[in-house]
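Here, residue 1 is the first one in the sequence, and each next residue gets the next number. Every number for a ligand or one of its atoms is a count from 1 in the order of the listing. Just the heavy atoms: all of them, side chains too, but no hydrogens, waters or symmetry mates, feed the values below.
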Amino acid sequence: MADKPKRITDIGAPHFSKFLPPVIAKNYGKWKYHEIISKGAMKHVSETGDELYTVRMASPRLVSTDFIREVCDLAEKFSGGHLRFTTRNNIEFFPDKAQLDPLQAELKKRGHLVGGIGNGISNVVHTQGWVHCHTPATDASGVVKAVMDELHEYFTTKSLPARVRIALACCLNMCGAVHCSDIAILGIHRKPPKVNEATIANQCEIPTTIASCPTGAIAPNPAAKSVKIKEERCMYCGNCYTMCPSLPLADAHGDGISIYVGGKVSNARGPARMSRLAIPFLPNNPPRWPEVVNAVKHLVEVYAKDAKKHERVGEWIERIGWERFFKLTGLTFTYQHIDDFTFARETFRMTPTFKWE
Ligand code: SF4
Ligand code: SF4
């Protein structure tokens, strides 16, 4: 027993108060108001009269230790050794007033995007993609880089009627925020799983696999200690593959991307809402996904032109109606837009009110 290493467990995360810049620690809970100075900087003023300056820069989320060391060096030089990551994986520094402009100049000189504050497009909340997960129908980092290269001006300089939250998930496990974002990019499959009869009996717990299917498309096949997929009932969600590695469904040509619109989480002006299908399928076209980039850009531009100030994408669509949304965007409305799952009825129009578009 003596040579057994001491096991340290259940210690939790370090307490956040250990990392607060002195001005935040001193004025914690005493903030009176804030001002947005520019797309990349803001000022908070405390009831004590103290001022806190924040500079925000984009990060690609997936970063190297060299990148972390670089931002730590910048924090040492400009921010008293302090920084934080936001809930959208941006990085924030806390310079004093005199360092506000030099820090932003230094970040820009190094090629970092300074911005993401206020009404525009901030970082894209995204997932693992082909970098690390085994269930994706598309990549995450690649698509996000291609989209933000095209839309970066909405991060740094250009404004929109309200903030436009873009999120990506590489499968419909929807890790992250695609179900509740203004514009959501979601990886989808279009072919049913293939049953690997040679491995399924040893790899998979059959009842759990059957129970994982939302449409009841999986039936037991006891003679083969396997399952049968009723393909006409399958809508390629991939949930059974998550449970059972002998049911792979990724397919280079079948897989691609769908686009959802109109979700939000805040309760400003109205309750939170789910995003809904706008484009059923766009191909995976690495490394730059031009079809997806063009579609997202087009949606942003139509919204920017037509929405009123403070109107989020979903609020804009609700005001103009879905018929007009499809007309203005030029998107094709297909049978795939019509809900056919358990509570679909609630999404059907139960009023004679509609617009001829
Ligand atoms: S969304 Fe799906 S594929 Fe992407 S990281 Fe989550 S589980 Fe993996
Ligand atoms: S992919 Fe989804 S719908 Fe199809 S069989 Fe598997 S769990 Fe069922």
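Between the side chains of Ser212 and Asn239, no donor N or O sits under 3.5 Å from an acceptor N or O. Using modelled atom types and a 3.5 Å distance limit, the side chains of His310 and Arg269 yield no donor-acceptor pair. There is no side-chain donor-acceptor pair under 3.5 Å between Thr334 and Thr332. With hydrogens and angles left out, the side-chain atoms of Ser226 and Glu197 include a donor and acceptor closer than 3.5 Å. Side-chain contact annotation: Thr135 with Thr242, donor-acceptor N/O pair under 3.5 Å absent. Checked by atom type, the side-chain pair Ser59/Asn89 shows no donor-acceptor distance below 3.5 Å.
Distances below 4.0 Å separate heavy atoms of Thr215 from the following atoms of ligand 2: 3 (S). Within ligand 2, the atoms closer than 4.0 Å to a non-hydrogen atom of Gly238 are 1 (S), 2 (Fe), numbered from 1 in the order shown. Using a 4.0 Å cut-off to heavy atoms of Tyr236, the atoms of ligand 2 that qualify are 1 (S), 4 (Fe). When each atom of ligand 2 is checked for a heavy atom of Met235 under 4.0 Å away, the hits are 3 (S). In the vicinity of Gln128, heavy-atom distances shorter than 4.0 Å reach the ligand 1 atoms 5 (S). Close approach to Cys213 involves these atoms of ligand 2, each under 4.0 Å from a residue heavy atom: 3 (S), 5 (S), 7 (S), 8 (Fe). For ligand 1, the atoms closer than 4.0 angstrom to any heavy atom of Pro136 are 3 (S).
None of the N, O or S atoms belonging to Cys234 lies under 2.8 Å away from atom 2 (Fe) of ligand 2. Metal site remark for atom 4 (Fe) of ligand 1: Cys171 contributes no N, O or S atom at a distance under 2.8 Å. For a distance bound of 2.8 Å, the N, O or S atoms of Cys240 include none lying that close to atom 8 (Fe) of ligand 2.
The pair Glu323-Lys355 does not meet the salt-bridge criterion, since no charged nitrogen lies less than 4.0 angstrom from a carboxylate oxygen. Between Lys30 and Glu47 there is no salt bridge, since none of the side-chain N atoms of the basic residue sits less than 4.0 Å from a carboxylate O of the acidic one.
From the protein, the heavy atom lying nearest to atom 2 (Fe) of ligand 2 is Cys237 SG, 2.3 Å. The protein heavy atom nearest to atom 5 (S) of ligand 2 is Ile218 CG1, 3.7 Å. If you check which protein heavy atom lies closest to atom 4 (Fe) of ligand 1, you get Cys170 SG, 2.2 Å. Scanning the protein for heavy atoms near atom 7 (S) of ligand 1, the closest one is Asn173 ND2, 3.3 Å. Among all protein heavy atoms, the one lying closest to atom 8 (Fe) of ligand 1 is Cys133 SG, 2.3 Å. In terms of protein heavy-atom proximity, atom 6 (Fe) of ligand 1 is nearest to Cys175 SG, 2.3 Å.
Aromatic ring pairs are classed by plane angle as parallel below 30°, tilted from 30° to 60° and perpendicular above 60°; the pair Phe67 and His112 is perpendicular. Relative ring orientation between Trp322 and Phe326 is described as tilted, the plane-to-plane angle lying within the 30° to 60° band. Ring-plane geometry between His44 and Trp31 is classed as perpendicular, the angle between the planes exceeding 60 degrees on a 0 to 90 degree scale with a lower cut at 30.
The proximity of Thr127 to ligand 1, defined as any non-hydrogen pair under 4.0 Å, is limited to the side chain. Within the 4.0 Å heavy-atom criterion, neither part of Leu247 lies near ligand 2.
Taking 4.0 Å as the cut-off, Pro192 does not count as a neighbour of ligand 2 on heavy-atom distance.
Cation-pi check for Arg349 over Phe354 is not met; the charged atom does not lie both under 6.0 angstrom from the ring centroid and within 45 degrees of its normal.
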